[in-house]
Asker: 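Got a structure for you, written out below as structure tokens; questions coming shortly.
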Amino acid sequence: MSEIEVRLPDGRTLALPPGASVLAAAERIGAGLARAALAGRVDGRLVDLRAPLANGSALEIVTAKDPAGSEVIRHSAEHVMADAVKRLFPGAQIDVGRSDHSEKFQYDFLVERPFTPEDLARIEEEMARIVAEKAPFTREIVGRDEARSVFAGLGETLKVSRLDDIPAGEPITLFRHGRFVDLCRGPHVQRTDQIGAFKLIEVAGAYWRGDERNPMLQRIYGIAFATKKDLDEHLERLEEARRRDHRRLGAELDLFHLDPISPGSPFYHPKGMVLYNGLVSYIRSLYPKYGYQEVMTPQLFRSELFKTSGHYDLFHDDMFLVQGDEDEELGVKPMNCPGHCHLFASRKRSYRELPLRLAEFSRLHRNERSGALTGLSRVRSMAQDDGHIYCEPEQVGDEVNRFFEMMNEVYRDLGIEGVQISVSTRPDDFFGDPADWDRAEETLVQAVRAAGHACGIKPKEGAFYAPKVECDFFDVLGRRWTLATVQLDMAMPGRFGLRYVGRDGTEKQPAMLHRAVLGSLERFIAIYLEHTAGDFPLWLAPVQATVLPITDRTLGYARKVEERLQTAGVRAVLDGRGEKLGFKIREAEMQKIPLMVVVGDQEEANGTVTPRRRFGPKEAPAAVPLDVFVAGLAEEIASRRSVPRSPAVGEQHR
RNA sequence: GCUGGCGUAGCUCAAUCGGUAGAGCGGCUGAUUUGUAAUCAGCAGGUUAUGGGUUCAAGUCCCUUCGCCAGCUCCA
């Protein structure tokens with residue numbers, strides 16, 4: 001074979017000498033492209049520029065314009081950082097970087113003493129020098145023994161051990177730039193100066209191989225981009241995330257606070273409680289439609305219950321246990337499912353009452369390790385919009401589908417869009433029969449697909465008793481959160497000996513589903529606060545309208561307006577302070593109250609109000625007759641029409 | 001729980017070399033009666049997270065405990 005051919009995105013083919021690299025192909029296309037090239041995409045797979053091309057493959061040259069290009073930049077920045085650390089701290093041993101370079105880059109080091117923030121600054125300076133050296137990256141394929149002797153010679157024992165992770169038969173590639181060498185699949189940029197802008201953002205401990213029994217290494221995180229502008233945009237996004245932090249908004253909007261007097265247990269203020277109750281009563285209002293029956297089960301159980309369920313074995317240390325009578329040990333419930341199973345088993349059940357859908361909003365307590373606590377996102381005291389469905393095994397698909405219907409309605413009313421669904425499969429620690437698990441996982445995947453969704457897989461992410469369907473959404477800052485979940489239980493019906501009498505008169509074991517739409521109310525509130533920046537849909541806003549009299553002369557009329565609104569079920573308040581209108585408007589805006597109702601002499605004389613809407617039109621609003629306004633507002637709230645429009649970055653400061 | 005960082009008024013932050021705690025916002029009081037994002041003035045507010053130590057002297061240096069933040073681990 002004298003030449004090979006590759007296909008280009010525009011349909012052309014390119015003839016190249018055998019063994020030609022991606023870079024050679026780029027050079028053949030154009031010098032400019034070759035200079036900008038960061039990696040190649042061959043038959044859809046990202047490859048290094050130095051990798052040889054095979055005949056007949058489809059080739060695309062990846063530059064900084066391609067999202068994959070930025071991943072390559074981050075990955076190369078990672079090597080440059082490791083190089084900088086080795087130059088400054090020759091005794092440091094390198095471990096590995098990150099496998100997924102979609103966001104940050106990182107590298108772990110074994111060092112004598114932890115890195116300080118000052119070290120970080122020095123490492124950053126050293127990195128800048130390495131980038132300025134414009135050192136070329138080189139790629140070589142080596143034998144296992146050669147690789148071992150390279151790293152053993154450098155005293156990199158962690159790296160030698162990592163070498164054993166590479167399965168036999170897989171090629172071993174080394175990447176070098178300057179004097180630095182690393183075991184790596186690539187791809188990498190051509191030269192270090194293609195890393196346009198970078199910043200080291202934090203240093204933290206990380207267990208070797210992610211196991212807390214192992215020694216702790218020092219991990220440095222950084223971000224890198226093709227240009228300074230991209231870096232600045234990213235930093236601005238981080239700043240926006242800080243502005244939207246739910247702990248900060250919780251204080252600013254007077255919703256809740258956390259106090260060392262009870263770590264991990266929120267104090268809900270009156271407005272926060274309106275929000276919390278608003279969510280609970282909303283979900284509750286949907287239960288008749290979707291066939292749920294609400295129940296309440298005890299807060300404290302003999303620990304026997306949790307031994308039956310299996311939770312005691314696995315989560316004993318994370319439960320609050322108290323002493324009952326004599327030798328009886330009681331546990332504060334960390335979840336509702338064992339109680340619901342106990343309730344199910346309290347009498348004989350018939351197939352006629354299935355599916356039995358039990359819902360509960362009780363507060364749950366989990367003794368989370370202190371280091372795990374974070375605002376409302378991870379708490380010790382929480383509640384879920386929890387429910388358990390007991391049904392005949394053949395009804396599972398329908399029930400999953402019905403759950404999606406409810407989820408869709410809830411998310412529509414909350415303005416949550418772009419949900420991605422995946423199934424989490426059997427973890428290493430599981431209860432039950434692997435064959436049952438395989439069937440259950442398949443059942444869930446089929447149910448997700450039947451509902452018209454693509455279905456991802458999260459390997460080994462299931463709970464010990466069940467594979468999970470997880471519904472993830474991306475918030476306005478692009479962060480991924482898991483909200484709704486449905487789990488098909490493989491353990492509890494058997495462990496609790498649950499039975500129902502079937503149509504044929506014999507006793508059978510019911511299938512059991514665990515499900516929640518919002519998940520933990522606390523965590524949902526945290527995510528939703530950050531997603532909406534505190535601009536809740538009108539129907540959920542703690543204060544829906546504030547009445548703003550212009551002078552004391554109209555205070556009496558303003559009171560009447562407030563009362564009319566309240567009578568119509570609107571959560572309205574009156575700002576009767578002796579301040580100017582602009583001042584009151586500013587306060588209402590900062591409190592993110594959706595509607596301001598201005599009343600002055602003109603409004604009083606005409607029996608009207610002048611509504612001012614947050615995010616409304618800029619021009620001066622027109623007066624509306626009071627009756628019309630109140631009726632229209634009440635209707636708007638009842639219909640849940642106004643979902644949040646998430647303000648763009650920086651907009652809420654105008 | 002582990003690693004690192006942090007903890008000063010309700011909030012955001014000052015306080016030189018270790019020299020005896022200050023501002024803005026908020027709160028309160030008074031004046032102002034205001035038409036679409038901040039009217040003016042005055043007043044109060046602190047065991048510098050906690051307990052110990054070093055020192056003539058500690059917000060500042062050292063140790064303890066607690067909490068918070070980031071990450072790790074975990075997340076029924």
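Just so it is clear: chains get the letters A, B, ... in the order the sequence lines come, proteins before strands, and each one is counted from 1. These numbers come from the heavy atoms of this one structure, side chains and all, not from hydrogens, waters or symmetry mates.
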Asker: Taking atom P in both B/U48 and B/G52, what distance in whole Å separates the two?
Answerer: 13 Å
Asker: Measuring centre to centre across the rings, with the benzene-like ring taken for any Trp, is A/F105 within less than 6.0 Å of A/Y107?
Answerer: no
Asker: Using distance alone, with no hydrogens and no angle criterion, decide if A/N336 and A/D386 have a side-chain donor and acceptor under 3.5 Å apart.
Answerer: yes
Asker: When you compare B/A9 with B/C28, how far apart are their C1' atoms, in angstrom units rounded to a whole number?
Answerer: 15 Å
Asker: For B/C75, give the paired nucleotide (Watson-Crick: N1-N3 plus N6-O4 or O6-N4; G-U: N1-O2 and O6-N3; both under 3.5 Å), or none.
Answerer: none
Asker: In whole Å, what is the span from the CD1 atom of A/I123 to the P atom of B/G4?
Answerer: 16 Å
Asker: Rounded to whole Å, how long is the line connecting atom CZ of A/R219 with atom P of B/G71?
Answerer: 11 Å
Asker: Using a heavy-atom cut-off of under 4.0 Å over every strand shown, decide if A/R553 touches base, sugar-phosphate, or nothing.
Answerer: sugar-phosphate
Asker: What's A/E252 touching, base or sugar-phosphate or nothing? Going by heavy atoms closer than 4.0 Å.
Answerer: nothing
Asker: Does A/F583 stack onto the base of B/A38, taking stacking as ring centres under 5.5 Å apart and planes under 30° apart?
Answerer: no
Asker: Please name the nucleotide paired to B/A41 by Watson-Crick or G-U wobble geometry with both distances under 3.5 Å, or report none.
Answerer: B/U29
Asker: Remember a base hit wins even if backbone is also touched, and classify A/D211 as base, sugar-phosphate or nothing at under 4.0 Å, heavy atoms.
Answerer: nothing
Asker: Measure from CD on A/E603 to P on B/U36 and round the result to the nearest Å.
Answerer: 12 Å
Asker: Ring of A/F430, cation from A/R426 - is the NZ or CZ under 6.0 Å from the centre and inside 45° of the axis?
Answerer: yes
Asker: Could you please name the option among B/A37, B/G5, B/C75 that lies closest to any side-chain atom of A/P117?
Answerer: B/G5
Asker: Select base, sugar-phosphate, or nothing to describe what A/K468 touches, counting heavy atoms under 4.0 Å on all strands.
Answerer: sugar-phosphate
Asker: For a quick check of understanding: with a heavy-atom distance under 4.0 Å over all strands, which category does A/G310 fall into, base, sugar-phosphate or nothing?
Answerer: nothing
Asker: Rounding to a whole Å, what distance do you find between A/R247:CZ and B/A70:C1'?
Answerer: 10 Å
Asker: B/U36 and B/U29: how far apart are their P atoms, nearest whole angstrom?
Answerer: 28 Å
Asker: A/T610 side chain: which of B/C74, B/U36, B/C72 is closest?
Answerer: B/U36
Asker: Would you mind telling me which of B/A70, B/U33, B/C75 lies closest to the side-chain atoms of A/T374?
Answerer: B/A70
Asker: What's A/I550 touching, base or sugar-phosphate or nothing? Going by heavy atoms closer than 4.0 Å.
Answerer: base
Asker: With P as the reference atom in both, quote the distance from B/C6 to B/A44 in angstrom, rounded to an integer.
Answerer: 35 Å
Asker: What nucleic acid atoms does A/L373 come within less than 4.0 Å of, heavy atoms only: base, sugar-phosphate, or nothing?
Answerer: sugar-phosphate
Asker: Using whole Å, report how far CD of A/E604 lies from C1' of B/G35.
Answerer: 15 Å
Asker: Just to verify, which of A/D95, A/V203, A/I220, A/L217 counts as forming a side chain to side chain contact (heavy atoms under 4.5 Å, CB included) with A/F109?
Answerer: A/I220
Asker: What nucleotide among B/U39, B/A37, B/G71 has an atom nearest to a side-chain atom of A/E579?
Answerer: B/U39
Asker: From the list B/A76, B/C75, B/U34, which nucleotide is the closest neighbour of the side chain of A/F464?
Answerer: B/A76
Asker: Of all the choices, B/G35, B/C72, B/C75, which nucleotide is nearest to the side chain of A/F315 once you look at every atom?
Answerer: B/C75
Asker: To the nearest angstrom, how far is A/R613 atom CZ from B/U36 atom C1'?
Answerer: 16 Å
Asker: If you look at every strand shown and take non-hydrogen atoms under 4.0 Å, does A/P114 touch a base, only sugar-phosphate, or nothing?
Answerer: sugar-phosphate
Asker: Could you check which nucleotide pairs with B/U36 in any of the strands shown, counting Watson-Crick or G-U wobble with both distances under 3.5 Å?
Answerer: none
Asker: Say we look at B/A58 and B/G53: how far apart would their P atoms be, to the nearest angstrom?
Answerer: 12 Å
Asker: Counting side-chain heavy atoms from CB outward, which of B/A37, B/A76, B/G35 is closest to A/Q602?
Answerer: B/G35
Asker: Base, sugar-phosphate, or nothing: which does A/G600 touch, judged by heavy atoms less than 4.0 Å apart?
Answerer: base
Asker: Are the aromatic ring centres of A/F306 and A/H316 under 6.0 angstrom apart?
Answerer: no
Asker: Is A/D259 touching bases, backbone alone, or none of the nucleic acid, heavy atoms closer than 4.0 Å?
Answerer: nothing
Asker: Just one of A/M492, A/R495, A/M490 clears the side chain to side chain contact (heavy atoms under 4.5 Å, CB included) bar with A/F431, so which one?
Answerer: A/R495
Asker: Find the distance A/M216:CE to B/G71:C1' and express it as a whole number of Å.
Answerer: 8 Å
Asker: Centroid separation under 6.0 Å, is that true for the rings of A/H257 and A/F267?
Answerer: yes
Asker: Any side-chain N or O of A/Y207 less than 4.0 Å from the OP1 or OP2 oxygen of B/G71?
Answerer: no
Asker: Taking any strand in view, what nucleotide pairs with B/G24 in a Watson-Crick or G-U wobble way, both distances under 3.5 Å?
Answerer: B/C11
Asker: Taking B/A57 as the reference, what is the distance to B/U50 when you measure between their C1' atoms (whole Å, please)?
Answerer: 22 Å
Asker: Let's see if you can work this out: which of B/A37, B/A76, B/C72 has an atom nearest to the side-chain heavy atoms of A/R612?
Answerer: B/A37
Asker: Can you tell me the pairing partner of B/A49 across any strand shown, Watson-Crick or G-U wobble, with both distances under 3.5 angstrom?
Answerer: B/U65
Asker: Can the ring centres of A/H311 and A/F464 be said to be less than 6.0 Å apart?
Answerer: yes
Asker: Choosing from B/U3, B/A37, B/A76, which nucleotide comes nearest the side chain of A/R586?
Answerer: B/A37
Asker: Any salt bridge between A/E240 and A/R244, counting N to O under 4.0 Å?
Answerer: yes
Asker: Tell me whether the side-chain N or O atoms of A/R378 pair up with the base of B/C75 as donor and acceptor below 3.5 Å, since no angle test is needed here.
Answerer: yes
Asker: If you look at every strand shown and take non-hydrogen atoms under 4.0 Å, does A/G576 touch a base, only sugar-phosphate, or nothing?
Answerer: nothing
Asker: Could you identify the nucleotide paired to B/U3, looking across every strand shown and requiring Watson-Crick or G-U wobble geometry with both distances under 3.5 Å?
Answerer: B/A70
Asker: Scan A/A372 against the nucleic acid and name what it touches under 4.0 Å (heavy atoms): base, sugar-phosphate only, or nothing.
Answerer: base
Asker: Taking only the side-chain heavy atoms of A/P263 (C-beta and beyond), determine which of B/U73, B/G67, B/U39 contains the nearest atom.
Answerer: B/G67
Asker: Write down the distance between CG (A/N214) and P (B/U3), rounded to a whole number of angstrom.
Answerer: 15 Å
